[in-house]
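What follows is a short report on a single structure.
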Amino acid sequence: MSSPPAAAPLRLRLDGEALASNWRWLNDRSGDAACGAAIKANGYGLGARQVMERLAAAGCRDFFVATWAEALALAPLPDGVSLSVLHGVRAEDMLAALSGFARPVLNTPEQIARWREAGGGLCDVMIDTGINRLGLDWRQDCAALTQGMAIHTLMSHLACADEDHALNAMQQDRFTDVAQGMKADRLSLANSAGICLGEGYHFGLTRPGLALYGGIPRAEAEETIRQVVFPQAQILQRRTIRAGDTAGYSATFTAGQDVEAAILNLGYADGYLRGFSGRGAAMADGLRLPVIGRVSMDLLIVDVSARPDLVEGDWVDIDYDLRTASAQSGLSHYELLTGLGARYDRAWT
Ligand SMILES: *Cc1c(COP(=O)(O)O)cnc(C)c1O
């Protein structure tokens with residue numbers, strides 16, 4: 001008989017109250033529109049099932065994933081919740097899609113034909129109004145293409161909502177025009193940043209992802225959006241790096257004097273990428289413990305000279321304020337969240 005797995009030497013403390021608070025703010029900002037949640041990429045790295053259950057409890061009803069594998073991992077859904085699959089239906093997906101627990105977002109004439117022929121029923125449809133990614137081209141006769149279909153949510157996706165860009169208003173106009181000729185229960189355009197653009201972008205349903213998880217999509221969200229993800233790592237060894245010695249791969253750090261160092265169980269395979277080398281920090285009770293040398297695959301060296309009391313087995317916080325971490329690493333808030341790997345224990349508080 002195998003024993004239960006020991007707690008991992010790295011974990012994400014996830015603040016459930018901050019997640020719910022972020023959703024309530026986005027819901028509020030969405031005005032009369034319902035506010036859904038994008039939970040693709042395993043809930044942006046936090047864990048899609050936990051995120052869905054917590055947001056459903058807060059009042060969220062509409063969830064979005066990218067693929068049918070992501071959708072199947074969430075079945076059965078909480079009562080009263082709807083799930084849409086943004087990447088539509090390939091031939092390989094039809095068995096899962098026809099089981100009816102989630103709706104495909106149909107993106108192409110081929111997907112529409114496939115769904116019609118199978119007698120698929122209620123679906124969502126994506127119109128591409130300028131991002132040139134997924135969706136029916138807005139200049140196509142979208143009404144004719146979808147004639148007679150039961151469309152639940154008709155949607156489009158903004159390319160530049162995080163900036164003040166001319167394309168925002170153009171996409172809004174194009175979407176309004178296309179939607180006027182079509183029949184759908186509900187319209188949806190805005191992601192997190194789109195919600196901040198104001199009422200004209202909200203339509204019937206908004207689809208935030210990033211801001212739910214603590215990412216700051218635009219300055220308007222800066223004051224209110226709360227940090228949700230707090231990585232923590234355990235000290236595996238404490239050592240003195242002697243004056244003149246180097247530390248880590250490629251010997252990029254040389255100790256000018258004796259340095260007290262802790263070796264943490266965290267590395268680039270956990271999404272703490274090499275850009276944090278010599279720039280990132282751990283935190284212990286408000287004291288900054290700077291990263292020394294290169295980030296390794298599974299290990300990180302930090303300077304603990306300021307904390308003589310820290311010993312092997314202790315835990316430290318990683319400074320993961322997304323604005324700071326983004327400036328240090330060159331990664332976007334999206335990358336900082338979705339890159340968090342499978343080796344963390346995920347502990348909701
Ligand atoms: C990912 C995604 C969202 C959420 O976007 P955020 O920028 O994370 O708020 C909304 N709609 C679609 C179609 C998406 O792919």
Side-chain angles (χ1 to χ4, degrees), residues 19 22-23 25-27 29-30 33-46 48 51-52 55 60-68 70-71 82-89 102-108 111 123-136 138 151-163 165 167-168 171-172 175 184 186-198 201-222 224-226 228-229 322 326 331-340:
L19 175 77
N22 290 342
W23 181 80
W25 184 75
L26 292 159
N27 185 43
R29 287 286 294 219
S30 297
C35 181
I39 56 170
K40 58 200 182 184
N42 196 28
Y44 287 48
L46 281 67
V51 168
M52 182 176 69
L55 292 181
C60 183
R61 291 289 166 266
D62 303 276
F63 294 88
F64 297 86
V65 291
T67 67
W68 285 94
E70 290 182 340
S82 102
L83 183 63
S84 297
V85 180
L86 291 164
H87 293 189
V89 275
R103 290 191 304 278
V105 180
L106 304 176
N107 294 299
T108 68
Q111 290 180 4
C123 62
D124 296 343
V125 171
M126 175 70 78
I127 310 293
D128 192 313
T129 54
I131 194 170
N132 277 301
R133 210 175 59 171
L134 287 179
L136 302 174
W138 61 282
I151 304 175
H152 186 271
T153 304
L154 181 68
M155 65 185 89
S156 187
H157 190 52
L158 296 165
C160 307
D162 53 349
E163 299 165 52
H165 194 290
L167 197 49
N168 291 331
Q171 288 194 272
Q172 179 197 24
F175 184 52
R186 205 167 51 171
L187 304 180
S188 176
L189 177 64
N191 61 348
S192 301
I195 292 171
C196 299
L197 292 178
Y201 289 82
H202 297 159
F203 295 91
L205 169 71
T206 60
R207 309 184 307 268
L210 183 72
L212 293 168
Y213 311 110
I216 312 292
R218 287 181 63 97
E220 291 89 335
E222 182 106 37
T224 340
I225 291 299
R226 287 165 55 183
V228 180
V229 182
L322 294 178
S326 177
L331 300 169
S332 69
H333 294 193
Y334 293 91
E335 292 164 314
L336 287 166
L337 292 166
T338 59
L340 297 166

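Atoms within each ligand, like the ligands themselves, are counted from 1 in listed order. Heads up: numbering here begins at 1 and tracks the sequence.
Close approach of ligand 1 to Gly209 (heavy-atom distance below 4.0 Å) involves ligand atoms 4 (C), 6 (P), 8 (O), 9 (O). Close contacts of ligand 1 with Met126, meaning ligand atoms under 4.0 Å from a residue heavy atom, involve 13 (C). Taking every heavy atom of Arg133 and a limit of under 4.0 angstrom, the matching atoms of ligand 1 come to 15 (O).
Ligand 1 does not have His87 within reach: every non-hydrogen atom of the residue lies 4.0 Å or more from it. By the 4.0 Å heavy-atom criterion, Tyr44 is counted among the residues contacting ligand 1. A heavy-atom separation below 4.0 Å is not found between Ala193 and ligand 1.
Counting only distance, with no hydrogens or angles, the side chain of Trp25 and the backbone of Arg226 share no donor-acceptor pair below 3.5 Å. A donor-acceptor pair under 3.5 Å is absent between the side-chain atoms of Asp128 and the main chain of Gly135, judged by distance alone. The main-chain N or O of Ile195 is found under 3.5 Å from a side-chain atom of His202 such that the two form a donor-acceptor pair. Between the side chain of Ser192 and the main chain of Gly209, a donor-acceptor pair closer than 3.5 Å is present. The backbone N or O of Leu331 lies less than 3.5 Å from no partner atom in the side chain of Glu335, so there is not a single donor-acceptor pair. At least one donor-acceptor pair under 3.5 Å links the side chain of Arg218 to the backbone N or O of Ala161. Listed for the Asn107 side chain is a donor-acceptor partner under 3.5 Å among the backbone atoms of Leu86.
The protein heavy-atom contact nearest to atom 7 (O) of ligand 1 is Tyr334 OH, 2.6 Å. When only non-hydrogen protein atoms are considered, atom 5 (O) of ligand 1 lies nearest to Asn191 CB, 3.3 Å. Closest to atom 15 (O) of ligand 1 among all protein heavy atoms lies Lys40 NZ, 2.6 Å. Of the protein's non-hydrogen atoms, Ser192 OG, 2.6 Å is the one closest to atom 9 (O) of ligand 1. Scanning the protein heavy atoms around atom 4 (C) of ligand 1, the nearest turns out to be Arg207 O, 3.3 Å.
With a 4.0 Å cut-off on non-hydrogen atoms, Met155 does not touch ligand 1 at all. With a 4.0 Å cut-off on non-hydrogen atoms, Pro208 touches ligand 1 through its backbone and not its side chain.
Of the polar atoms of Leu210, at least one N or O is found under 3.5 Å from an N or O of ligand 1, judged by distance alone. Checked by distance only, ligand 1 and Leu86 stay at 3.5 Å or farther apart across all their nitrogen or oxygen atoms.
Between Phe175 and Phe203, the ring-plane angle classifies as perpendicular under the 30° and 60° cut-offs.
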Inset, instruction - Determine, step by step, whether Ser156 and Thr129 satisfy the side-chain hydrogen bond (donor to acceptor under 3.5 Å, both in side chains) criterion, reporting the C-alpha distance in whole Å, the side-chain angles of both residues, the deciding distance to 0.1 Å, and the verdict. - result: CA-CA 7 Å; Ser156 187; Thr129 54; 2.8 Å; yes

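Taking each heavy atom of Asn22 and Leu212 in turn, the nearest pair found is ND2-O, 3.1 Å.
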